[in-house]
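Excluded from the calculations below are hydrogen atoms, water molecules and symmetry mates; all remaining heavy atoms, backbone and side chain alike, are included. Sequence lines set the chain letters: A, B, ... in the order given, protein chains first and strands last, and positions in each chain run from 1.
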Amino acid sequence: MRTWLNRQRLLIEYTVAALGRRRARSLGLLLTYTAVVFVLASVMLFTHALRQEAARVLAHSPEVVLQHLVAGRHALIPADYLERIPRQRGVREMTPRLWGYFYDPVVQANYTFMATADAPPPGHILIGPAMARARGVAPGNLIAWRAYDGAVHTFTVAGILDAHSELMSADLVLLGEDDFRGFFNYPEGQYTDIAIAVRNPREVRNVATRLSEALPDARLILRDEVLRTYAALFDWRQGIVLAILSGALLAFALLAWDKASGLAAEERREIGILKAIGWETGDVLRMKFWEGALLSGTAFLSGYVLAHVHVFHLHGALFRPVLQGWAVLYPRFALPPEIDPLQVLTLALLTVLPYTVAVLVPCWRAATTDPDAVMRS
Amino acid sequence: MRPAPFRPLPSRPRPASTYVLGVFAALIAAFAATFVDAARLRAERAPHTQASIALTARLGLTDPVLMTEARYLRHPSQADLHAHFQDHPLAFDLFPGGSLLPPPRHAHLAQPSATAD
Amino acid sequence: MILQPAIIALLLCAALGFAALALSSPASWQLVRHWQPQSGSRLQLALERRTYLMSVLVRFVLVSQIAALLLFVYNADRMAVQFVGAMCAVGTLQANAWGFPALLAQIALFFAASSWLLLDHADRQARDYPLVRLKFAALLVVLLPLTGTVLALQGLYFGNLRADVITSCCGSLFSADSPSVSGTLAALPPRPAMLAFYFSVLLACAANLHYRLRRRGAWLAGASSALAFVAAIVGIIAFVSLYIYEHPHHHCPFCILQAEHGYYGYALYLPLFAASACGLGVGVLAPFSARPGLRTVMPALCARLAGWAAAGFALFLALATLMIQSSNLILLES
């Protein structure tokens, strides 16, 4: 065991010295490798953390949301709609909801207006933190909007929603029902949709099936559906980014292959001399193995650590412009890190595998070089 | 068949390998530290999640604010089934955020094509 | 098709592995046909050189496939949220007809790969590479078709995976009423199942220990290890899972991998797979220990493997017993 360890140590020693002799090239490859791991790891950590956080939070969204459809479009729910719903055992509570969108030409942003029962007094609103930033307002300030009826409505900012809940509340405007109806000229007695709470979570699907049979013009959105939509959405994002990055991965594998196969004459001579003084093919391969392992290990570890810092301490600063799209309002949130071995294993397979495949054959070619062929040339 | 066994060169290990192995050990330590750091941040940020959960439960929110350009991006789970063409039949999905959305899922309840999608 | 990093990584892994083995198969064929260690011809020299590449290549492919098995199961478990009706890996694997065949092929590849790696290891210990022909023949006949099968099944499975399929959960697959093999396993009465479980795992443990000490009965060690692997899986479905879930009708061998059951599954499966691979290795390697070049190295290697196999089975049995002991479920009234 001791001799084995010592032998590996000497091989590492040689490898390090050899890498040092070609410092610029080795460093270039190492930096590229690290960058590839960093980008992939950032995407995976960010998306996974966001997905887990969304799943945790959305697990508390309404069990069933009932929308009214007219000609395939979401329409307002008439006042008598609630009465048309037969009494369902299992339905605990039905809450009609009022919400909608408003485009603010001042900052060119879309807000989500929502009427709540526990809203501030008439003429006052609660606003989301991202929106407060965009408009530069503080509690007590006045905000005036030109509403859909052409009149200018002025509201007093009663407060700003908890910044910690920004993932869910960035663009919200909360106001009382009368203000909401007045501002949007919303028909009296009509609602946007109905949130339904079900007594027994196992009954949700049955309740929803019965409701959809009784109300053919309704669309029911289950909480499970919402959760699955988001799981698919984040997977899709990860996949899209990965598909885009696969070009970069391929380029990296080509670079590694090129670097390994285009052995400089000097390196070939080195290997020729090593074999002439008694190294076996196996020893050269082992030396090459250590070269690959040191390079991959360093690149993988440092890329991963950098990605961790980037995503969880700098809040994914480099991705923000990409994810932001054209939206003016973008939530600032600190994601709780969710790291699972699956992500790390996938990352390792996605980065180390292509590199190893790319350098295998060139390394073998180098290792089986004939000493006399090299020295004679 | 094989030539004489490998004999290490008669020199002592130079500090280069010690140095490199040290750097490597430090990297492994940093890698392990990210997990410790993750656990710490998770504990620290748990109240943020609680705040979001409280708000979601109180208002019955259905979607996180990821993209706000269009209705189907702001509330993907509530949008019409033919989301990407919902404004008129030839309305292309012109917002960049739309490229980050998967194609609509046609999963639905026992509602055999009650809605066109 | 669900576009997801883990799936992309698995397909990449399977495709690269198959491509590497397929591209090197002409070289393997040449090795099988023309390998003559006594000859000093140019061809023999080239072939000797090539064995290095092939060994490295195959070792790399097989090690990556072992990692892929872990990723495959882990990923199936994680994706369960996306399917209506799925609670754990079973639901994901049942989402179409190719899931379970893909898993079984991956497990078969795991054991074939581990045996091949051990064969390769033994061969490289000897001075004159006595097992080269056998190794590469096995590569062509067993490993190449198997990697191809894995790639094809995974391609079919992931390619046909649709998120809106309603699948069934483990409760229906592993229930006593289910008219399938899994249902039969779940319906096994606990007392005979327990007897069979303890008997076969203890037998494998003893046979491997016997080989370790006396260096006799290698075939028994190998065969009993294979038997113990099957019996252990059957035992986990029939009664160990019940004790872990503390539920008299929940027979799923995958839910134990989840966090809410303390990742007990990994504690059970890792020693079981390792021990079975070592035990099978003893059975595969020992017949060759009489070959001239291997007489010195092989018995020692086999003995070491048998020792690990015995230890692994013992650990598995101890953990399973501990989980049964600490459970609040009472299945047998004594």
Contacting region of A/Met168 [heavy-atom separation from chain B under 4.5 Å]
both
Mind checking the OG-CG spacing from A/Ser165 to B/Leu61? Nearest 0.5 Å is all I need.
9.0 Å
Under 4.5 Å heavy-atom distance to chain B, tell me which part of A/Val65 shows up: side chain, backbone, both or neither.
side chain
Here the side-chain hydrogen bond (donor to acceptor under 3.5 Å, both in side chains) pairs for residues 293-303 of chain A, sequence neighbours left out, are A/Tyr33-A/Ser296
So which residue, A/Thr95, A/Leu174, A/Thr15, A/Ile12, ends up with the most heavy-atom pairs under 4.5 Å with chain B?
A/Leu174
Give, for atom OG of B/Ser52 and atom CD of A/Glu53, the distance between the pair rounded to the nearest 0.5 Å.
6.0 Å
Need one label for A/Ala334: side chain, backbone, both or neither, based on atoms under 4.5 Å from any heavy atom in chain B.
both
Test ring pair (Phe, Tyr, Trp, His ring centres under 6.0 Å) applied to B/His75 - qualifying residues, sequence neighbours left out:
A/Trp99, A/Tyr101
Give, for atom CZ of B/Arg58 and atom NE2 of A/His60, the distance between the pair rounded to the nearest 0.5 Å.
15.0 Å
Looking at CZ of B/Phe35 and NE2 of A/His308, how far apart are the two atoms once the value is rounded to the nearest 0.5 Å?
9.0 Å
Most chain B-contacting option - heavy-atom pairs closer than 4.5 Å, from A/Ala170, A/Gly20, A/Ala54
A/Ala170
Under a 3.5 Å distance rule, please check whether B/Arg42 uses its side chain to pair with a backbone N or O of A/Pro337 as donor and acceptor.
yes
A/Leu233 to B/Pro76 - nearest heavy-atom pair and separation
CD1-CG, 4.2 Å
Considering only heavy atoms, which portion of A/Thr112 lies under 4.5 Å from any heavy atom of chain B: side chain, backbone, both, or neither?
side chain
Side chain, backbone, both or neither of A/Tyr230 within contact of chain B (heavy atoms, under 4.5 Å):
side chain
Measuring heavy-atom distances to chain B, does A/Leu294 have an atom under 4.5 Å in its side chain, in its backbone, in both, or in neither?
both
So which atom in B/Thr49 and which in A/Pro336 form the shortest heavy-atom distance, rounded to 0.1 Å?
OG1-CG, 3.8 Å
Sort A/Val344 into side chain, backbone, both or neither according to what part of it lies under 4.5 angstrom from a heavy atom of chain B.
side chain
Is the shortest heavy-atom distance from the side chain of A/Leu172 to the side chain of B/Val65 under 4.5 Å?
no
Polar side-chain atom of A/Gln67 near backbone of B/Gln78 as donor-acceptor pair, under 3.5 Å
yes
Between B/Leu66 and A/Leu50, is any pair of side-chain heavy atoms under 4.5 Å apart?
yes
Could you measure the distance from the OG atom of B/Ser77 to the CG atom of A/Leu227? Nearest 0.5 Å is fine.
9.5 Å
Nearest heavy-atom neighbours spanning A/Arg97 and B/Leu59:
NH1-O, 3.9 Å
For A/Ser169, which atoms come within 4.5 Å of any heavy atom of chain B: side chain, backbone, both, or neither?
both
Quick one: which of B/Ala33, B/Pro64, B/Ala51, B/Gly60 has the most heavy-atom pairs under 4.5 Å with chain A, could you say?
B/Pro64
Heaviest contributor of heavy-atom pairs below 4.5 Å to chain A, chosen from B/Leu21, B/Ile28, B/Asp37, is B/Asp37
Any side-chain heavy-atom pair of A/Leu19 and B/Val20 under 4.5 Å:
no
If you tally heavy-atom pairs under 4.5 Å against chain B, which of A/His313, A/Glu166, A/Glu338 wins?
A/His313
Looking at side-chain heavy atoms only, is the closest gap between B/Thr62 and A/Arg223 below 4.5 Å?
no
For chain B, which of A/Val16, A/Asn110, A/Asp171 has the most heavy-atom pairs under 4.5 Å?
A/Asp171
Checking A/Asp162 against B/Leu55 for the side-chain contact (heavy atoms from CB on, under 4.5 Å) test, could you report, in this order, the C-alpha distance in whole Å, the side-chain angles of both residues, the deciding distance, and whether it holds?
CA-CA 9 Å; A/Asp162 187 355; B/Leu55 194 76; over 6 Å; no
